[in-house]
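What follows is a set of notes on a single structure, which appears directly below.
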There are 2 protein chains.
Amino acid sequence: MPEGLRERTRRAVRAELAAIALDLFAERGFEDTTVEEIARAAGLTKRSFFRYFPAKEDAVFEGIDVTGDQVVRDLLARPADEAPWQSLRAVLSESERQIHASGQAVAGLKLIESTPSLRARVHEKRSRWRQQVSRALRDRPGADLDAFTADLLTNAATAALDTASQAWLRSDGTADRAALLDRAFDLLQPTTA
Amino acid sequence: MPEGLRERTRRAVRAELAAIALDLFAERGFEDTTVEEIARAAGLTKRSFFRYFPAKEDAVFEGIDVTGDQVVRDLLARPADEAPWQSLRAVLSESERQIHASGQAVAGLKLIESTPSLRARVHEKRSRWRQQVSRALRDRPGADLDAFTADLLTNAATAALDTASQAWLRSDGTADRAALLDRAFDLLQPTTA
DNA sequence: AAACTTGTGACACCTGGTGTCATGAAGTAG
DNA sequence: CTACTTCATGACACCAGGTGTCACAAGTTT
């Protein structure tokens, strides 16, 4: 049972809905675009939009969403003897690279940065995966971390991420994202490990 | 012209509105309490509630709000030769202490922690003062910081704050907040300064 | 083809939030 | 004390994001 027509159409509709939404947001701004307009532009009803996305904001994160599960999986795949900080660096560098690769995403990132409710959404998602990541750090074979240190490392990693992101935006997207992230991770390297 | 009756009543109503709101939130939860209910419980209209608070969420932050201005002012008052990281530590320790002092605030903190939309609000406020703080760090007499480093220090400081807060909540509010914060700042001390 | 499941439109409804207007009270002259 | 201005309030209408419900039309299975 490979994949029914239903799931395929569902994903297709979902993707198109997101694309249309992003276009409209870019054109008229996030707040000034109603869900009704998006839905009608896609030939659907408002009600149906909400069957594809739980909220208007979620349409923006279609291609950008870095799930906690993904990060955790990558983290557990790192060599067991690697210092936690280096593992975090490697994993987050990779997921950054991945997001940044899809040209579509860059427009999304700028939109997010300039829209308060979207930034809030980012933080919400992030605080969810911070828990998972912190746990994952402690669950690594041979790891000897207390909860406090694991949280601290995780929070510091997101600080590095944020700093790199801010610098990148300040450069209008011209700076080398990977290099910025590396610099942040270097400077912040905790004294523990 | 010391202070008109108008301003006094306004502040009194505002405070009482916040208190009533906090009670109702504690009782029925934030989402399940409508603005209408709060307003009626205070003998006002929904419309009038919004003349005191721009949004439902803001009623929660009455006593807790650490303004960016406050932090900046404290920061500039630190000795000029103190390392930025130490200044941040001192200022944030103090503001933490201040919030924690008011017994009323603790209920608010727990409510915030358990309500997504409130947590989002916190992050929103924080990202606003991070800009200010980062600027303030660079504006200190004799400071020689590039924007990147200033952002990094600021972000790292909030990481420390978050970590201490998480640990404190994990201990059900029994741990020594100041000690936790100190430990976080020690471990995170950046290699630069 | 019949029976079942799932996506859809239509419609009603709730809640947060804003614009507007009339009214009455607080503050200020004369 | 009276007249004039200013401001907070209630009342009402309105918008947008979300959710519940139901009937119907697809897609799916036997």
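With E37(B) contributing its side chain and T34(B) its backbone, the two residues share a donor-acceptor pair below 3.5 Å. A distance-only check finds a donor-acceptor pair linking the side chain of T154(A) to the backbone of A150(A) [under 3.5 Å].
At a threshold of 4.0 angstrom between heavy atoms, the contacts of R10(B) with the nucleic acid are absent. When heavy atoms are screened at a 4.0 angstrom cut-off, Y52(A) is found touching the sugar-phosphate backbone but no base atom.
F50(B) has its CZ atom 18 Å from the P atom of dC12(D), to the nearest Å. Rounding to whole angstrom units, CG of residue L17(B) and C1' of dT9(D) are separated by 13 Å. The interatomic distance linking F49(A) (CZ) with dG17(D) (P) rounds to 9 Å, in whole Å. Rounded to an integer number of Å, the gap from R51(B) CZ to dC7(D) P is 14 Å. One can place CD of E16(A) at 18 Å from P of dG7(C), the figure rounded to the nearest angstrom. Distance CZ (R6(A)) to P (dC4(C)): 15 Å, rounded to an integer number of Å. Going from atom CD of E36(B) over to atom P of dC13(C) covers 17 Å, rounded to whole Å. Regarding R8(A), its CZ atom lies at a distance of 15 Å from the P atom of dG7(C), rounded to whole Å.
Partners of F25(A) under the ring-ring contact (aromatic ring centres under 6.0 Å, His included) rule, at least two apart in sequence or in another chain, are F30(A).
Residues Q86(A) and R89(A) have side chains that bring a donor and an acceptor to within less than 3.5 angstrom of each other. Side chains of N155(A) and Q166(B): a donor-acceptor N/O pair is present below 3.5 angstrom, by distance only.
Comparing the start and finish of the helix from dA1(C)-dT30(D) to dG30(C)-dC1(D), five pairs each, the helix axis swings through 20°, to the nearest 10 degrees.
Put simply, the side chain of S165(B) reaches to within 4.5 Å of the side chain of R177(B), judged on heavy atoms. Residues D162(A) and R130(B) form a side-chain contact, since some pair of their non-hydrogen atoms from C-beta on lies under 4.5 Å apart. Under the 4.5 Å side-chain criterion, counting only non-hydrogen atoms from C-beta, R78(B) is in contact with R140(B). Contact of the R11(B) side chain with the E7(B) side chain is not registered, since no non-hydrogen atoms from C-beta on lie closer than 4.5 Å.
Taking the side chain of K56(B) as heavy atoms from C-beta on, and the options dG17(D), dG16(C), dT8(C), the nearest nucleotide is dG16(C).
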Under 3.5 Å, sequence neighbours excluded: what are the donor-acceptor pairs made by side chains of residues 109-116 of chain B?
unit_1, atom_1, unit_2, atom_2, d
S114(B), OG, K110(B), O, 3.2
S114(B), OG, L111(B), O, 3.1
T115(B), OG1, L111(B), O, 2.8

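Atom CD of Q131(A) has 12 or fewer neighbouring heavy atoms from other residues, nucleotides or ligands inside a 6.0 Å radius. Counted within 6.0 Å of CD on E16(B), heavy atoms from surrounding residues, nucleotides or ligands total 12 or fewer; the atom is thus considered open.
Expressed to the nearest 0.5 Å, how far CZ of R14(B) lies from CD of E62(B) amounts to 4.0 Å.
Cation-pi geometry between R121(A) and F61(A) is not met at under 6.0 angstrom from the ring centre and within 45 degrees of the axis.
Near DNA chain D, defined here as any heavy-atom distance below 4.0 Å, the residues from residues 40-48 of chain B are G43(B), L44(B), T45(B), R47(B), S48(B), listed numerically. Less than 4.0 Å separates DNA chain D from no heavy atom of any residue of residues 25-34 of chain B. Near DNA chain C, defined here as any heavy-atom distance below 4.0 Å, there are no residues from residues 119-128 of chain B.
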